[in-house]
Number of protein chains: 2
Amino acid sequence: MSAPHSPAGPEACDVREALDLVTDKWSLYIVSNLSAGPRRFNELRRAVNGITQRMLTLSLRNLERDGIVARTVHEVMPPRVSYRLTPLGAGLLEAAAPLIAWSAGHVSDITAARARYDVG
Amino acid sequence: MSAPHSPAGPEACDVREALDLVTDKWSLYIVSNLSAGPRRFNELRRAVNGITQRMLTLSLRNLERDGIVARTVHEVMPPRVSYRLTPLGAGLLEAAAPLIAWSAGHVSDITAARARYDVG
DNA sequence: CGGTATCCAGCGGGATACTG
DNA sequence: CAGTATCCCGCTGGATACCG
């Protein structure tokens with residue numbers, strides 16, 4: 001099909017691209033769990049509520065690919081791999097912090113709104 | 001329940017709940033398009049790059065249900081329906097603004113990081 | 001420990017057609 | 001104009017098993 005007709009401004013596409021970074025289930029959650037410093041794979045797995053091994057691996061790979069997270073392998077036995085935020089990732093976390101805080105603070109408002117909507 | 005090494009205390013579940021608000025493809029995009037004031041259905045459709053009629057309807061219903069967006073029907077012919085942010089929605093937009101701005105401003109960084117990753 | 005590989009269910013979401 | 005209804009494909013992501 002024809003490319004999205006958005007000559008209206010270069011920002012439109014950027015915003016869509018940008019929001020895709022946030023549109024996946026785990027990335028922001030993982031990033032926020034790396035705020036306190038480097039974490040090993042299984043530390044993250046325990047910290048990130050409900051994530052599977054597979055999804056943690058995939059999410060970390062994507063974050064690494066995007067330059068958000070850095071992966072370090074320590075060549076010892078047993079294997080030791082740690083993950084930490086890059087400067088880019090730290091910037092993302094900083095930018096996301098208000099949204100995360102707001103969301104956490106307004107879950108009850110939204111739950112209430114839903115209840116009202118579903119009744120009336 | 002706060003483990004000493006984990007930032008995930010009782011807030012953990014809330015954060016997951018909260019991030020689910022952001023985890024869908026269109027909501028933040030729509031909300032950001034309502035920042036300048038009320039919009040009619042097809043205005044939004046044109047503004048929100050690439051959205052289908054179905055997904056716009058579904059997304060607006062969810063946002064209305066969550067108390068983020070208010071829907072007003074003007075009983076005229078042809079039908080006229082407008083959508084605007086509620087105070088809650090305005091708060092969400094305010095909280096999301098830094099993330100949206102950051103994302104839009106760092107798309108190129110991320111694209112570059114991907115290119116580097118894919119080569120090496 | 002830190003992954004891959006494989007299988008598969010669910011649903012997000014696009015295309016299309018119809019309606020008040 | 002502002003939706004509903006229907007069909008269906010593909011990707012997300014969960015469960016499980018295996019590997020260096």
Side-chain angles (χ1 to χ4, degrees), chain A residues 1-6 13 15-17 19-31 33-34 38-66 69-84 117, chain B residues 5-6 13 15-17 19-31 33-34 37-66 69-84 114 117:
Chain A
M1 247 322 171
S2 55
H5 49 298
S6 58
C13 264
V15 172
R16 175 95 297 280
E17 292 285 324
L19 290 178
D20 282 339
L21 298 173
V22 181
T23 299
D24 75 275
K25 195 172 178 180
W26 302 109
S27 292
L28 272 187
Y29 206 155
I30 293 171
V31 166
N33 266 291
L34 289 173
R39 289 277 179 273
R40 296 178 59 184
F41 186 85
N42 279 323
E43 285 176 345
L44 275 175
R45 186 139 85 112
R46 282 183 292 273
V48 177
N49 192 319
I51 199 169
T52 60
Q53 197 169 32
R54 168 191 154 85
M55 289 318 297
L56 181 55
T57 301
L58 289 178
S59 300
L60 285 170
R61 284 290 171 281
N62 282 326
L63 289 169
E64 192 193 356
R65 189 170 101 103
D66 288 354
V69 157
R71 179 175 183 266
T72 308
V73 182
H74 307 81
E75 297 286 356
V76 297
M77 276 300 286
R80 175 178 286 251
V81 180
S82 66
Y83 297 88
R84 60 186 161 76
Y117 185 96
Chain B
H5 67 288
S6 172
C13 266
V15 172
R16 176 96 298 279
E17 293 283 324
L19 290 178
D20 282 340
L21 298 174
V22 182
T23 300
D24 75 275
K25 194 173 179 180
W26 301 110
S27 293
L28 271 188
Y29 206 154
I30 292 171
V31 167
N33 267 290
L34 289 174
R39 289 275 180 274
R40 297 179 57 183
F41 186 86
N42 279 323
E43 284 177 345
L44 275 175
R45 186 140 83 112
R46 273 176 252 114
V48 177
N49 193 319
I51 199 170
T52 60
Q53 198 168 30
R54 168 191 156 84
M55 290 317 298
L56 181 56
T57 300
L58 289 178
S59 300
L60 284 171
R61 284 290 171 281
N62 282 327
L63 289 169
E64 192 191 357
R65 189 170 102 102
D66 288 354
V69 157
R71 179 174 182 267
T72 308
V73 181
H74 310 277
E75 297 288 354
V76 297
M77 276 298 287
R80 174 179 287 252
V81 180
S82 66
Y83 296 89
R84 60 187 162 75
R114 282 183 189 167
Y117 185 96

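All chains are named by letter (A, B, ...) in the order of the sequence lines, taking the proteins before the strands, and each is independently numbered beginning at 1. Note that these values count all heavy atoms, side chains included, but never hydrogens, waters or copies made by symmetry.
Using a 4.0 Å cut-off, some side-chain N or O of B:T52 falls inside it from OP1 or OP2 of C:dG14. Here B:R61 reaches the OP1 or OP2 of D:dG3: one of its side-chain N or O atoms lies under 4.0 Å away. Contact annotation: A:R40 reaches the phosphate of C:dG2 (side-chain N/O to OP1 or OP2, under 4.0 Å). Between B:K25 and the phosphate of D:dC11, there is no side-chain N or O to OP1/OP2 separation shorter than 4.0 Å. Put simply, A:R71 has a side-chain N or O that comes within less than 4.0 Å of OP1 or OP2 on C:dG3.
Heavy-atom nearest nucleotides on DNA chain D were determined for A:P79 and for A:G50, and the one closer to the 5' end corresponds to A:G50. Where A:Y83 and B:W26 each meet DNA chain C at their nearest nucleotide, the meeting point lying more 5' is that of A:Y83. Toward the 5′ end of DNA chain D lies the nearest nucleotide of B:R46, the other residue of the pair B:R46 and B:R54 mapping further downstream.
When only modelled atom types and interatomic distance are considered, B:Y83 and B:R71 share a side-chain donor-acceptor pair under 3.5 Å. Inspection of the B:N42 and B:R45 side chains reveals an N or O donor paired with an N or O acceptor under 3.5 Å. Under the 3.5 Å distance criterion, with hydrogens and angles disregarded, a donor-acceptor pair is assigned to the side chains of A:D24 and A:S27.
In this structure, A:L58 atom CG and D:dC11 atom P are separated by 14 Å, rounded to whole Å. The separation between A:M55 atom CE and D:dT12 atom P is 8 Å, rounded to whole Å. Straight-line distance from the NE2 atom of A:H74 to the C1' atom of C:dC1: 13 Å, rounded to whole Å. What separates CZ of B:R45 from P of D:dC1 is a distance of 9 Å, to the nearest Å. Regarding A:Q53, its CD atom lies at a distance of 13 Å from the P atom of D:dA17, rounded to whole Å. The separation between B:D24 atom CG and C:dG12 atom C1' is 10 Å, rounded to whole Å. In this structure, B:Y29 places its OH atom 15 Å from P of C:dG13, rounding to the nearest Å. Nucleotide D:dG3 holds its C1' atom 14 Å from the CD1 atom of B:I51, rounded to whole Å.
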Check against side chain to side chain contact (heavy atoms under 4.5 Å, CB included), B:R54 and B:T52
CA-CA 5 Å; B:R54 168 191 156 84; B:T52 60; 4.1 Å; yes
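A distance of 11.0 Å separates CG of B:N33 from CH2 of B:W26, quoted to the nearest 0.5 Å.
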